[in-house]
Amino acid sequence: MKKGKKASAGPRSSTRKGRRRGPFEPDPRGGKPKFYITVAYPYPSGAMHVGHGRTYTVPDVIARFHRMRGENVLYPMGFHCTGTPVVGISERIARGDPKALWLYGDLYRVPRKTLEEFVKPETIVDYFSREYRRNMTDLLLGIDWRRTFKTIDPHYKRFIEWQYRNLMARERVYRGEHPVKWCPNDRNAVGDHDLLQGDRAQVTEYTLLKFRMEDGTVLPAATLRPETLFGCTNFWVRADATYRKVKVNGETWLVSGPGREKLENQQKQVEDLGEVPGGSLVGKMVKTPHTGKPVPILPAPLVDPKVGTGLVFSVPAHAPYDYMGLMDLKKAGDPAAAGMEPIPLIAVEGYGRVPAEEICRQLNVGSQTDPKLEEATETLYHDEFTRGTVNPGIPAYGGMKVAQAREKVKADLRARGEADILYDFSMFPVVCRCNTECIVKILPDQWFLKYSDPPWKQRVKEAMGAMRLVPPEVASQFLHTVDWLDDWACTRRVGLGTTFQWDPAQIVEPLSDSVIYMAYYTIAHHMRTIPLEKVGDSLFDYVLLGKGTPEKTGVGAPLARRMRGEFRYWYPYDWRFSAKDLVSNHLTFQVFHHTAIFPAKFWPRGIVVFGIGLLEGAKMSSSKGNVVLLDDALKQYGPDVVRLFLVSAAEPWQDFDWRQSAVEATREALRRFEKTVTGILHAKPAPARPGDLEAVDRWLLSRLQSRIRLAGDTLDSFQTRQAVQQAFYGMEADLRWYRRRTDTRRPGARFVLREAARAWILLMAPFTPRACARLWKRISAAPLETAPYPRADRRRVDPRAEAAEELIERTTQDIQEILRVTGKTPRSLVLYTAPEWKHRLLRLVSQKGPDIKAVMAEAQKTPGLRERLGEVAPAAKKMAALLHDLGEERVGRARGLREPEVLRGAALFLSREFHCPVEVHPADESPQDARARESLPLRPAVTIF
RNA sequence: GCAGGGGUAGCCAAGCUUGGUCAAAGGCAGCAGACUCAAGAUCUGCCCGCGUAGGCGUGCGGGGGUUCAAAUCCCCUCCCCUGCACCA
């Protein structure tokens, strides 16, 4: 606790003068390019699991790589503590909710004493941010902890206040009202994740059509399809429901009980005037709005008092429910319904005159309570909306597309006071976690970020166009998000956070207070040394925007100048990393805010989007307990194994799967690495004498260069998995072959192996720093973190040596296959290389391509070939296949290889492999051994005795 | 529904942009052998089918097409995953 306090607030010893800075606490430095990466900071409401581990390990690997490349690398970390979740958690713990107690007590193993303190939300974020820091340190993340902060720190809040004053001045924020899902019990807006039921329900805008009774009483019917007004035959009420007579904006309305509540929550002045039983309405007449046609009020069970206003107007021609309602009445012999016929007003291709009737018949709907009506309604509404047109006979709207007519009817009627708006859910019911049924409430005094603003969107697109987005496929997602984004409510009434200055009852919404904090990191370590009362707009204006003068910042000109300098040094950030589910909000928001507040030269440079984590193939989920805690993984496997696995299991943008068997394999792999390198370093070092090197030594050095090149290139493009394939598995495969191939006690071999081991340690250092540091100590006293990353040495690339080794490897495989197929155990092996004329033929085939006729024509003219045309034809065919198999490049590289020499050099190796003597015979123009005729370039003939 | 991503051998996963070098890297699991008192680790081989000579056949969700040639390009179709807002 004490230690943690120190960690997150107030000046720390690490900022004291004279303390030696580690490589992870960078300050601006001339002569070195800067590299600034940030990750979306965690919300510390629970323990870290291995999925979080990866999110922070990937950037660390990249950071270490760039540091070794000689760059000045900044990787900071803060904690996002604003928002409602921890408030909910503390409440649940306070009331002893068993699930919460299990999650925090058993799964996260929070000490009982601490758990008791969790009744205060701040304690939760305090505790877990300390845990995060501890885990991150254990994971060997090279984070600059001098700069850490929490979003509820007073200094940070000042920063957010400054940000919003800024946005307000630029008219990016405005006040309005907004409909939200609302729990009347909690008296709070609820998000989808807080719902027991109905999380797929959307808030939809219904049109209230005002039907009027004789005495002027308004019966407002809520509808999604105001254009169907022209097909209205009657009006529906629920006979067994009680309606409320209320005064709304000077009119007398009749609505259901729930309907009344909705009106009240949607900014209407509602005054109760009494109750009316639904049954008493039946039989009366109402006039339709706009057309003024009198229609009768009829009873129908299809009416749900909870939906809309509990009043429905009936369009039996186009609404399956209404159609069945009418049919039911007719069947019951209701006289009012007897002469009533559907009035069609929409024509849809594929349907007849009365579509509702048709679809009810098709689906075999029995009555108005038949569940099949849902499907019928959905299908018909969709078809009419997308393909329907209004009948030409309808005045003013005839001939219009349904979608078009709908908007026009709505607008026209609203303008004349014959219609109003009611928000309601698209699905029912919507139930809050507290088991209360939710309603739609219009929140007044809501504040918005104007993400819908076209010029702003345009700037964001511009910024994104100049950014590097990884993987490139996400670009379209980002652009789509920019287009789709609407204004964002940026204040909240509950939760932790920064008070919203224009309405102190609200706080800045958590996704809106985390969009430019990457800039804050550049000065965070200085901020904590400044007394809070000196932190004001003039400071941020100067440091972040260059406005004003350093003298007026209130913190002293030298410090102000220094902060300004540091901001300008680090900014813009080079890369931002985050999980892919933040693309459609945070990652896009932060680009919006950067373009709003900073000049273009400080706009983001790049984004890397992460995949999500799976656990043994199933989605990781804390609440379900399907997680491996990072702490446990670190204790069990150690940081190197965890890191290596997390970055090599998949590329960062792909989903990765934590599989125990795979993690254990990684552990073994790392053991082999350490063992191999240790073994090499143990051996007596050998001086470099070029004369000592054999072909196979040059082969290893040559391979080493391509491993180095590929490992660096792939890390440059964030392909951590591919990089590990090269830096680890590729290196291992080369070394394995090398040690199988040759006597490693030779001086030349010792020299080459030492070179390889040295490079190997450096290549692995970004992934497994602890093991590498241990090994590195035997080589150098310099710190590994800043040791130079290996560079491929072109002079050591030796295509000839690689071709020779490939010949040996292929020959080994050939022999193996023959032995396997025949089941023989050889007493001796004889290899025949191909004669010169076959090499000549190969060149001919590679020139002429697979056209055998052309090859033969040429062969007839070629001395050395024309004498043996009978042999040439089948050989040419095989060579075409060989070329096809190996590719021009490899065949070309092998050209000029002295095969007999190469194979003789490997004879000892081959006889060891196959436990028998191996002879190599050079090309023989007229061999006695029939098998020798099978020989081809790059594929010696093999005879087994 | 809209948008984005994906379906490759027992499993995971590369390859697909730039068609031939792909029976298709790598890993896991499995089998056999070497080492060992034994186990583990390590090394070697096998791991679609057939095959006593390095080969042949089938094959990359399903269907169709382009091409001398398709896992790779085009069209249609089925299935899976993610996001869709006032929530971090």
Side-chain angles (χ1 to χ4, degrees), chain A residues 40 42-43 45 80 82-86 178-181 189-194 200 202-203 378 382 443 446 448-449 451 471-481 483-492 495 509-512 514 579-586 589 611-612 614 617 619 648-651 653-657 659-666 668-669 671-672 675-676 721-722 724-725 728-730 733 736 739-740 810-811 813-824 850 882-891 913 931 934 936 939-944:
Chain A
Y43 184 78
S45 65
H80 193 209
T82 41
T84 50
V86 284
H178 190 66
V180 294
K181 287 182 187 169
V190 286
D192 284 344
H193 54 282
D194 284 325
R200 288 183 53 91
Q202 294 180 335
V203 173
E378 210 170 288
H382 178 261
L443 290 180
Q446 183 60 264
F448 295 89
L449 284 162
Y451 292 147
E473 301 90 82
V474 298
S476 62
Q477 250 185 88
F478 273 108
L479 292 176
H480 180 256
T481 303
D483 282 333
W484 160 86
L485 264 178
D486 202 349
D487 294 346
W488 181 264
C490 62
T491 58
R492 258 335 80 85
E509 181 273 330
L511 281 174
S512 306
S514 297
K580 63 181 169 192
D581 46 342
L582 297 189
V583 169
S584 62
N585 45 59
H586 166 74
F589 292 0
I612 56 158
L614 304 175
K619 191 171 175 174
S648 67
E651 299 296 3
W653 41 90
Q654 299 172 322
D655 297 348
F656 80 101
D657 192 359
R659 283 169 185 265
Q660 198 181 329
S661 67
V663 180
E664 279 164 7
T666 305
E668 294 312 326
R671 260 188 209 154
R672 288 197 304 275
K675 214 176 122 193
T676 307
R721 175 191 161 88
Q722 195 52 43
V724 170
Q725 290 287 331
F728 185 75
Y729 294 100
R736 194 182 297 149
R739 307 171 115 220
R740 180 175 164 193
R810 285 172 52 82
T811 305
Q813 277 165 11
D814 269 351
I815 297 170
Q816 244 159 25
E817 182 165 2
I818 296 165
L819 294 179
R820 182 167 52 81
V821 173
T822 58
K824 284 181 180 167
L882 187 75
L883 268 167
H884 176 267
D885 268 4
L886 293 180
E888 295 280 351
E889 199 195 316
R890 281 154 88 192
V891 172
E913 285 284 307
R931 295 238 181 260
E934 306 282 321
L936 290 174
R939 181 192 254 200
V942 179
T943 307
I944 300 167

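By convention in this document, chain letters (A, B, ...) are assigned in the order of the sequence lines, proteins followed by strands, and residues within each chain are numbered from 1. Computed over heavy atoms, backbone and side chain alike; hydrogens, waters and symmetry mates excluded. Everything quoted here is computed from the prediction, not taken from an experiment.
In this structure, Glu664(A) atom CD and rG40(B) atom C1' are separated by 13 Å, rounded to whole Å.
Side chain to side chain, Gln660(A) and Glu664(A) meet the donor-acceptor criterion of an N or O pair below 3.5 Å. No hydrogens or angles considered: a donor-acceptor pair under 3.5 Å links the side chains of Trp488(A) and Glu509(A).
A sub-4.0 Å separation between OP1 or OP2 of rG5(B) and a side-chain N or O of Gln654(A) is absent. Of the side-chain N and O atoms in Thr84(A), one or more sit less than 4.0 angstrom from OP1 or OP2 of rA88(B).
Base pairing of rU67(B) is not made with any nucleotide, judged by Watson-Crick or G-U wobble geometry with both donor-acceptor distances under 3.5 Å. Of all nucleotides present, none satisfies the Watson-Crick or G-U wobble test against rA25(B) with each distance under 3.5 Å. Shown here, rG1(B) forms a base pair with rC84(B); the pair counts as Watson-Crick or G-U wobble because both key distances fall under 3.5 Å. Using Watson-Crick or G-U wobble geometry with both donor-acceptor distances under 3.5 Å, rU18(B) finds no partner in any strand shown.
Among the atoms of the strands shown, only primed sugar atoms or phosphate atoms (P, OP1, OP2) are found under 4.0 Å from some heavy atom of His80(A).
For a distance-only test at 3.5 Å, the side chain of Asn585(A) qualifies as a donor-acceptor partner of the base of rA88(B).
Picking from rG83(B), rA25(B), rG27(B) the nucleotide with the shortest atom distance to the side chain of Arg721(A) gives rA25(B).
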Readout for nucleotides 42-54 of chain B: B = base within 4.0 Å of protein heavy atom, S = sugar-phosphate only, - = neither; 5' to 3' it is SSSSS----BBBB

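Sequence order on RNA chain B of the closest nucleotides to Glu651(A) and Leu511(A) puts Glu651(A) first from the 5' end.
Taking atom P on both nucleotides, rG61(B) is separated from rC46(B) by 26 Å, rounded to a whole Å.
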